[in-house]
Each structure stands twice: as C-alpha cells, then as structure tokens.
Student: 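Take a look at this one; I'll ask things after.
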2 protein chains.
Amino acid sequence: MNYESPIVTVDVPLFTLLDRRLHVALGVREKAPEMGKACVTGGYIHTDEDVDDQAAALRILREKVDFVPRYAEQGFTEANRNRDERGWSVSIVWLALADAESLVDLVARRGMKLYDIQDGGANLPEQMAFDHRLLVLKAAERLRSKAAYSTIVAHMLPREFSMSELQGAYEAVRLKPCNAANFRTKILKEQVLAETDMLRSGGRPATGYTLKEPIAYFDRELY
Amino acid sequence: MNYESPIVTVDVPLFTLLDRRLHVALGVREKAPEMGKACVTGGYIHTDEDVDDQAAALRILREKVDFVPRYAEQGFTEANRNRDERGWSVSIVWLALADAESLVDLVARRGMKLYDIQDGGANLPEQMAFDHRLLVLKAAERLRSKAAYSTIVAHMLPREFSMSELQGAYEAVRLKPCNAANFRTKILKEQVLAETDMLRSGGRPATGYTLKEPIAYFDRELY
DNA sequence: ACAATAGTGTCTGTTAGACAGTATTCA
DNA sequence: TGAATACTGTCTAACAGACACTATTGT
C-alpha cells in the first residue's frame, strides 16, 4: 500500500534577551490558512536546493526575513495530524539565537514583534497560527534546560559581554538568581571564556569576554 | 512554486543492556534498495491511522516485529538529501528501551541480532542500510548524555532490579565506574526508587527496587 | 567456616553558597 | 566625595569520593 507523504516544514523561533528577559521574535502570517495570526518564521524544505534541514532553516531565515542568526541548533520535531488543517504535517523546529540589537533591528525592518516569554507564555499573543504557541514554548523549555550546563545563552548577548551581562542571561533563562562572586569564579574555572577589551558601564569598567568556542558543555549545572 | 515533499520515515533503534554492555537490536532489510543490510526497525508514517510520530513509532514496532518497548522517546531528526538514494528524506528517530530478556526473545523470534555498541560502533556490522549506522551512534550518544542526569537507563533492566544492577547500567552507559557505597546513597536520596521484594543472587539477597515514575531527572550528574 | 554479594559508617578534600570588603570609574 | 558597578578573599555547610567495616545469604 502506498501512503500519502506528510507535509514537512522547518520552523525557526528566534530568541534573544531584552531587558534581561527571554523574548521570541514572531511575524504575522500573510496567507491562508491562519492568515493574520502571529507565527514562527518557517517554510517548506526545497528539495532541489537545501542539502539538509540546517541549510533549510538558514535559507528560510535568509529568504523570508533576511536574517543570519548567531547560533542555531535542531530542537525537536513536532509531527501529528492535527497541527495543520491541511493534513498530517511535520515541523522540524530549529532554535535560533541572536543578540537583542540584531533582533530589534529585524523586527523593525520586517513588521515583526518581540514577545516576552519569561512568564510561561502569558505575554504571547492570544491567537497564534497552527500550533506555533506550543512550538515556541517547547523551544523555550529546551533552551532553558540546555542553558543549565552549557554556554548557549551567551549567543543572546553582544559578541563581547561583561560578566554581569552573562550572569543576567543565565538568570533570565534559568529563572533563578545566582551569586555574582560565585558565578564569576565558577565560569572562569570552566575556561570557556576569553578576555577582550574593557567595557564601559555605569561604574568601574568591566572586563569584556567572548566565547572561546561556539558552545561548551559543563559537567555540572551552573547555578 | 510547488516543491516536492520529502519522504518521511520513523526509525526506532531498540536498546538494552546485555552483560553490562549497551546493545542495539537490528534487523535485516528485506527489500531494495540496500536489501540484505543490517537496519534499524522503521517505516513510513501512515497518515490515515497514526495520530502522531509516537503512535507511528509504536505501530511500526508492533507491526514489523511485534514488540512493545518499555520506554520510548523522540531522539532527533535526520533530514538531508543524501541519506536515501531515492531522494530527500526525513527520519524522525525514536529511542526505544527494553530489558535484555525481552530483546533476546525478540531477536530470536524475528531473525534480528543484538550488537554490542559499547566501543563506539566497532562491533556494528560493516555494511548497514542507508545512514543507519549514524542513526544508531547518534541515538546511543543521546542515551549516554541523558543517562547522566536521569533514570532512563533503568528501562534496560528488568522491572525489579537490585542496586548493583542499576549501578552496572549507569556504568555501562556512562562508560565509567562509580563507587557502590556512594552510588547507593546518592540515588536513594533522590527518592526516585521504590522498594519491592528481595532478589536472590550469589550472596546476600538484595533489596529489589522499581522506578516510582517512568522517568525522573536529577539536578546534577550522577557519578 | 568461607566465599560472595549487600549494605553502613566515617573520614577527607572539594565545592556551593553566603557575605564582607576592596577597586575603579563617573558625576 | 559619593553613587555605581566590578572584583576578591574568606568562611561554613554540604557533597563527592574513598575506604574500612558489618550483614546475610549459599555451599
């Protein structure tokens, strides 16, 4: 027997930190079905040009909103018969991260909007296309759990950041405060940061840091 | 423009512990292409009967090899244009776990075979269908990393197990030994195990344990 | 009694977490 | 000089890890 093949899309929620709170950039769906509702940037795989799902994710961001994220990784795949009225469909969800400035610029250019998702989705729009509310919440949850033992959150900061900015990023994503003195010593001991120039701020200038590697993993949770 | 939709399959590597070493159960592919090569149990999504990818994974195991795993979860999705000569294809890989006895019985019934994958795939068959070698290795790696901070490995033991069996499971999957006294106190403190009847063994009978919940997560790695 | 496996108590070095205090900038 | 932010040193309780010891079975 021959079975109808499901529809396959790649959806790419864009995350950043704004005012030390996790935000996601959403657009507005421009065609039926679900026209006019808030949606994650996504699209079909182009079997003639995309070599793999990562290439598809990056092409979709480039073509649809002219954006190159700082970091992207596959999150999870949502696949069921109810998520799209047009039939059984598969969404490969990629998480993309960028600094706030780039995303603020993007949403201004493209008529998109940044939504605070610090409070379990309370500030997401009422109506969202398809199951995109679920996709965003699952992706945020994945980000939270990955943040605990990796340097992934640093990609939502400027390339050079201060220790307190980095701490703020961990706190926002992990949803709990941590002690500045202990945070500093612990992450420095992990040897994942490289020092750069000084950064000016309100008081004493702070040492600037960058990630040595795009992502590093810790043996234990970073509190 | 209208794009050809990729082929979508669900592939389900079956893992267990045999002689305190991680093993995967593989079958033999019975049709072209790649006929005769070792392969992961998998199949197409049946859009008329599967409600979602989990249902598809379980149906495929049931129909193809008449097996119900003890635990299954979505692992990752492999999606590119080179993995199947017939065209751009997507595999949603589900990890399935079972006790050794059930899988030994399964492979005997179905002409499958259990392969030791303790040594990074050195004991996998030379020729495997499609990219199934990669799928198995990636799935095993996912299992290893998840094992560090959860009770997932217990599903590769009998439903009731002794503390030393559980320790052996962690050691096999994590690839490092750990101290019996400390392992015991640490996992008991997590309160994830329930006591059952005594289990007979070579010496003093051991307290039997079962998982309280299908899966529990720890705040820190269990050494 | 002894081999084999299960389970406990205790000690030591390391780490988490709290907190006091010093350093360097701008207004 | 004082407000603001950056950074350091030290103390304590908890935990990781090692290890010696006791307990309960079968032979």
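In the text below, chain A, chain B and the rest are named by the order of the sequence lines, each starting its count at 1.
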Student: Assess the side chains of Trp94(B) and Asp11(B): does a donor N or O sit below 3.5 Å from an acceptor N or O?
Tutor: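 Checked: Trp94(B)/Asp11(B) side chains show no N/O donor-acceptor pair below 3.5 Å.
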Student: Once side-chain hydrogen bond (donor to acceptor under 3.5 Å, both in side chains) is applied, do any residues pair with Arg110(A), and if so which ones, sequence neighbours excluded?
Tutor: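 None.
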Student: Would you mind reading off the distance between Glu221(A) atom CD and dA16(C) atom P, rounded to a whole angstrom?
Tutor: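 Between P of dA16(C) and CD of Glu221(A): 11 Å.
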Student: By nearest heavy atom, map Gly202(A) and Arg220(A) onto DNA chain C; which one lands nearer the 5' end?
Tutor: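 Whichever sits nearer the 5' end wins; that is Arg220(A).
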Student: Separation of Leu222(A) atom CG from dT15(C) atom C1', in whole Å?
Tutor: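 So the two atoms are 13 Å apart, to the nearest Å.
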Student: Does the distance from a Lys or Arg side-chain N to an Asp or Glu carboxylate O, for Arg62(A) and Asp66(A), drop under 4.0 Å?
Tutor: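 Not counted as a salt bridge, because no side-chain N and carboxylate O are separated by less than 4.0 Å.
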Student: Are there more than 12 heavy atoms of other residues, nucleotides or ligands under 6.0 Å from atom CD of Glu63(A)?
Tutor: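 Atom CD in Glu63(A) is packed in, count exceeds 12.
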Student: Residues two or more places apart in sequence or in another chain: which of them pass side-chain hydrogen bond (donor to acceptor under 3.5 Å, both in side chains) with Glu195(B)?
Tutor: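 Listed in chain order: nothing, the list is empty.
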Student: Counting only non-hydrogen atoms, which of residues 184-195 of chain A are less than 4.0 Å from DNA chain C?
Tutor: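 The answer is Lys186(A), Lys189(A).
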Student: In this structure, how many angstroms lie between the P atom of dT5(D) and the CZ atom of Phe183(A), rounded?
Tutor: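 Atom CZ in Phe183(A) sits about 18 Å away from atom P in dT5(D).
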Student: Rounded to the nearest angstrom, tell me the gap between atom CG in Asn179(B) and atom C1' in dT10(C).
Tutor: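 My rounded result for the distance is 13 Å.
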Student: Consider only side-chain N and O atoms of Ser89(B) and Arg83(B), and report whether a donor and an acceptor are under 3.5 Å apart.
Tutor: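 Present: a donor and an acceptor within the cut-off.
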Student: Between Arg20(A) and Glu165(A), does any side-chain N to carboxylate O distance fall below 4.0 Å?
Tutor: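 Here Arg20(A) does not pair with Glu165(A) in a salt bridge, since their nearest N and O are not under 4.0 Å apart.
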Student: Given dC7(D), dT24(C), dG7(C), which nucleotide is nearest the side-chain atoms of Thr207(B)?
Tutor: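 Nearest to the side-chain atoms of Thr207(B), counting from C-beta on, is dG7(C).
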Student: Sorted by first residue and then second, give each ring-ring contact (aromatic ring centres under 6.0 Å, His included) pair with at least one member in residues 178-198 of chain A; sequence neighbours left out.
Tutor: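 Passing the test, one end in residues 178-198 of chain A: Tyr170(A)-Phe183(A).
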Student: Of the candidate nucleotides dA18(C), dA6(C), dC7(D), which contains the atom at the shortest distance from the side chain of Ala206(A)?
Tutor: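 Among the listed nucleotides, the one closest to the side chain of Ala206(A) is dC7(D).
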Student: So, using salt bridge (charged side-chain N to carboxylate O under 4.0 Å, His left out) as the criterion, who are the partners of Arg70(B) when residues are at least two apart?
Tutor: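 Applying salt bridge (charged side-chain N to carboxylate O under 4.0 Å, His left out) to Arg70(B) gives Asp99(B).
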Student: Got a sec? Which of residues 161-169 of chain A come in under 4.0 Å of DNA chain D, heavy atoms?
Tutor: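 Of all residues in residues 161-169 of chain A, the ones placing a heavy atom under 4.0 Å from DNA chain D are Ser164(A).
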Student: Between dG26(D), dT25(C), dG9(D), which nucleotide gets closest to the side-chain atoms of Ala181(A)?
Tutor: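 Output: dG9(D).
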Student: Looking at dA18(C), does its base get a donor-acceptor pair with the side chain of Asn182(A) below 3.5 Å?
Tutor: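 Check passes, donor-acceptor contact within cut-off.
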Student: Given that Gly203(B) and Tyr209(B) both sit by DNA chain C, which one's nearest nucleotide is further toward the 5' end?
Tutor: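 Upstream on the strand: Gly203(B).
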Student: In whole Å, what is the span from the CZ atom of Arg200(A) to the C1' atom of dA6(D)?
Tutor: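 Between C1' of dA6(D) and CZ of Arg200(A): 12 Å.
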Student: Would you say Arg204(B) reaches dG26(D)'s phosphate, i.e. side-chain N/O to OP1/OP2 under 4.0 Å?
Tutor: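 Indeed not, no polar side-chain atom of Arg204(B) lies that close.
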